[in-house]
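Below is one structure, written out as structure tokens; the observations come after it.
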Amino acid sequence: TEVHLVLVGGGHAHVQILAQWSKIRTPAAKLTLVCDREQTPYSGMLPGFLGGWYEFSDIHFDLPQLCRTHGAHFIHAKVEGINARAQEIHLHDGRRINYDLASFDVGSHPEPLDLSALQSSEYVLPLKPISDFYRKWTNLLGQLEAWPSDQPPHVAMVGGGASGFEVILMLERVTRQFKHKPQLSLWQRGDLLEGHNGCVRALAHRALRNRGISLHLNTPVRGWKDQMLLWGPQGERTSPCDYLLLATPAAANPLFRSSGLPVDERGFLRVDERLQVVGEPRLFGAGDCISFPRKLPKSGVYAVRQGPVLIETFQNLLSGKDKRAVYYPQKKSLALLTMGEPKVIASYGPFSWQGRWLWRWKDRIDRGFMAKFKSP
């Protein structure tokens, strides 16, 4: 009998399964990818893309083309529910897809601000999903370049993790020559680049200071309304803010909780060491959308390494072996932080480096990774 494997989402783990499908499939197996986007980005190359160093095609996975090349079926649709008992995936248009095995790699969203009633406003730009962010980024640059007032615009980044740090530096670079160079600020409720060593944080502080970006640490932002940032313990303080970029911590896709699947206290899909959904032997997950037994950073580095684990598991299950591969997360991961120019801060446990040679190395790594998913 035919075995139907369904992948929901085009994240970094799933594209690897697609690229290997022609090698691991059995005659009685078929693969379907369901995603609400036809092109999904590789997050590691986003800063360079925003700066104009990469073309759209350089950093995006072409999901329909990947499916055609490797013998899979692509469905461009939004998933609205999962019925694990009936082994069905429900689409927004009423269609239902039956599966024998299914996996989820749907990413995450920025945690919303408590008081922001205007999350969908053109003035508020969440960094995730990245596909939506780039369109708003392009509009933002157009509006900043044509700014009508003599008073320069103020753009605030909320979130002092790696993505917030990289994107605000890139914004400073691309707006440097505008007639009214915007005032830029970065707001973080804790420390800058938490989880990285002190030397990395010192280098990051210096980079922001040298570029004239004001830094507000240990400062909780509560919301945004009427071009004013609301901050302080209760949101009682205000600061002018014309545009708001959100790089707040990851929030879960509501799909899993609403479908009755096991989730953690924040709504992320609970998986075990084999990336199997807890209590559901036919369901798996990877990337930012999962809650692993050991707390993992929401970083594409981990999703990339989860791909081969799922490939091994599905190869075993499709060939009749009831054996699932175990995922062993690395205790430390290498972070390469782009500094708004062809220069990188490298962070690995207690070690740090900085230089343009690191950018050239990172560029080779990223281009080499993406080359695996391009048609010959």
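Values below: all heavy atoms of this structure, side chains included; hydrogens, waters and symmetry mates excluded.
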Taking [X] for its side chain and [Y] for its backbone only, find out whether a donor-acceptor pair lies under 3.5 Å.
X      : Y      : result
Arg222 : Pro233 : yes
Lys298 : Asp288 : yes
Asp191 : Glu194 : no
Thr69  : Cys67  : no
Ser299 : Val301 : yes
Asp100 : His4   : yes
Thr40  : Gly10  : yes
Asp226 : Met228 : no
Asn83  : Gln87  : no

Greater than 12 external heavy atoms within 6.0 Å of [X]'s [atom1]:
X      : atom1 : result
Arg305 : CZ    : no
Arg85  : CZ    : no
Glu55  : CD    : no
Glu236 : CD    : yes

Listed once per pair and sorted, the ring-ring contact (aromatic ring centres under 6.0 Å, His included) pairs that draw on [range], sequence neighbours left out:
range            : answer
residues 259-309 : Phe284-Phe314, Phe292-Tyr327
residues 201-220 : Trp187-His216
residues 330-365 : Trp53-Trp359

Could you state the interatomic distance from [atom1] ([X]) to [atom2] ([Y]), rounded to the nearest 0.5 Å?
X      : Y      : atom1 : atom2 : value
Leu125 : Leu244 : CG    : CG    : 8.0 Å
Leu255 : Ile82  : CG    : CD1   : 3.5 Å
Met339 : Asn210 : CE    : CG    : 8.5 Å
Met157 : Cys241 : CE    : SG    : 11.0 Å
Glu145 : His180 : CD    : NE2   : 11.5 Å
Asn98  : Ile89  : CG    : CD1   : 9.5 Å

*asked:* Leu192 vs Leu186, test: side chain to side chain contact (heavy atoms under 4.5 Å, CB included). Steps then yes/no.
replied: CA-CA 9 Å; Leu192 180 67; Leu186 187 149; 4.2 Å; yes
_Qualifying residues under side-chain hydrogen bond (donor to acceptor under 3.5 Å, both in side chains), relative to His14, sequence neighbours excluded_ =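 His14: side-chain hydrogen bond (donor to acceptor under 3.5 Å, both in side chains) contacts with Ser103.
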Residues which pass side-chain contact (heavy atoms from CB on, under 4.5 Å) with [X], listed by chain and number, not counting sequence neighbours:
X      : result
Ala84  : Tyr99, Leu261, Glu280, Leu283
Leu50  : Leu46, Phe133, Tyr134, Trp137, Val167, Met170
Pro262 : Arg270, Val277, Val278

*Using a strict 4.0 Å threshold on nitrogen-to-oxygen distance, state whether Lys136 and Asp132 make a salt bridge.*
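No.
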*State plainly whether the residues Asp264 and Arg266 are in salt-bridge range, i.e. N to O under 4.0 Å.*
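Looking at Arg266 together with Asp264, the answer is no, because their closest N to O distance does not fall below 4.0 Å.
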*Can you list the steps and then say if Gln227 with Tyr243 is a side chain to side chain donor-acceptor pair (under 3.5 Å)?*
CA-CA 7 Å; Gln227 266 61 39; Tyr243 298 92; over 6 Å; no
*asked:* Would you say His154 and Ser239 are linked by a side-chain donor-acceptor pair, where the criterion is simply a distance under 3.5 Å?
replied: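 No - no donor-acceptor pair under 3.5 Å links their side chains.
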*Step by step, work out the salt bridge (charged side-chain N to carboxylate O under 4.0 Å, His left out) result for Arg294 and Glu273.*
CA-CA 9 Å; Arg294 191 190 108 196; Glu273 293 84 355; over 6 Å; no
*Are Asp366 and Lys362 close enough, and set up right, to give a salt bridge (charged side-chain N to carboxylate O under 4.0 Å, His left out), and what steps lead you there?*
CA-CA 6 Å; Asp366 289 341; Lys362 172 178 161 50; 2.9 Å; yes
For [X] and [Y], which heavy atoms make the closest approach, and how far apart are they?
X      : Y      : result
Ala156 : Leu229 : CB-CD2, 4.2 Å
Ile17  : Gly307 : CG1-O, 4.5 Å
Pro350 : Asn197 : C-ND2, 3.4 Å
Ser43  : Gly300 : OG-CA, 4.4 Å
Asp105 : Gly287 : OD1-CA, 3.8 Å

For the rings on [X] and [Y], is their centre-to-centre separation under 6.0 Å?
X      : Y      : answer
Tyr42  : His60  : no
Tyr54  : Phe49  : no
Phe256 : Phe104 : yes

Do the non-hydrogen side-chain atoms of [X] and [Y] ever get within less than 4.5 Å of each other?
X      : Y      : value
Ile311 : Gln16  : yes
Leu245 : Val155 : yes
Leu337 : Leu203 : no
Val8   : Val106 : yes

*Mind jotting down which residue pairs meet the side-chain hydrogen bond (donor to acceptor under 3.5 Å, both in side chains) criterion with at least one end in residues 306-322? Sequence neighbours excluded, please.*
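Of all non-adjacent pairs touching residues 306-322, those that pass side-chain hydrogen bond (donor to acceptor under 3.5 Å, both in side chains) are Asp322-Arg324.
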Review item, side-chain donor-acceptor pairs of residues 71-81, under 3.5 Å, at least two apart:
from  : atom 1 : to    : atom 2 : distance (Å)
His76 : NE2    : Asp36 : O      : 3.1

_With salt bridge (Lys or Arg N to Asp or Glu O under 4.0 Å) as the rule and sequence neighbours excluded, what pairs involving residues 166-180 come up?_
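For residues 166-180: Glu172-Arg176, Glu172-Lys181, Glu172-Arg211.
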*What pairs of residues pass the salt bridge (Lys or Arg N to Asp or Glu O under 4.0 Å) test when at least one of them lies in residues 7-35, not counting sequence neighbours?*
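The answer is Glu2-Lys30.
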*Residues clustered with Tyr328, ILVMFWY side-chain links under 4.5 angstrom*: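 When side chains under 4.5 Å apart are linked, the cluster holding Tyr328 also contains Val326.
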*Take the angle between the ring planes of Phe61 and Phe369 and call it parallel below 30°, perpendicular above 60°, tilted in between.*
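Perpendicular.
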*Test side chain to side chain contact (heavy atoms under 4.5 Å, CB included) on Leu230 and Val221 and set out the steps.*
CA-CA 6 Å; Leu230 312 176; Val221 172; over 6 Å; no
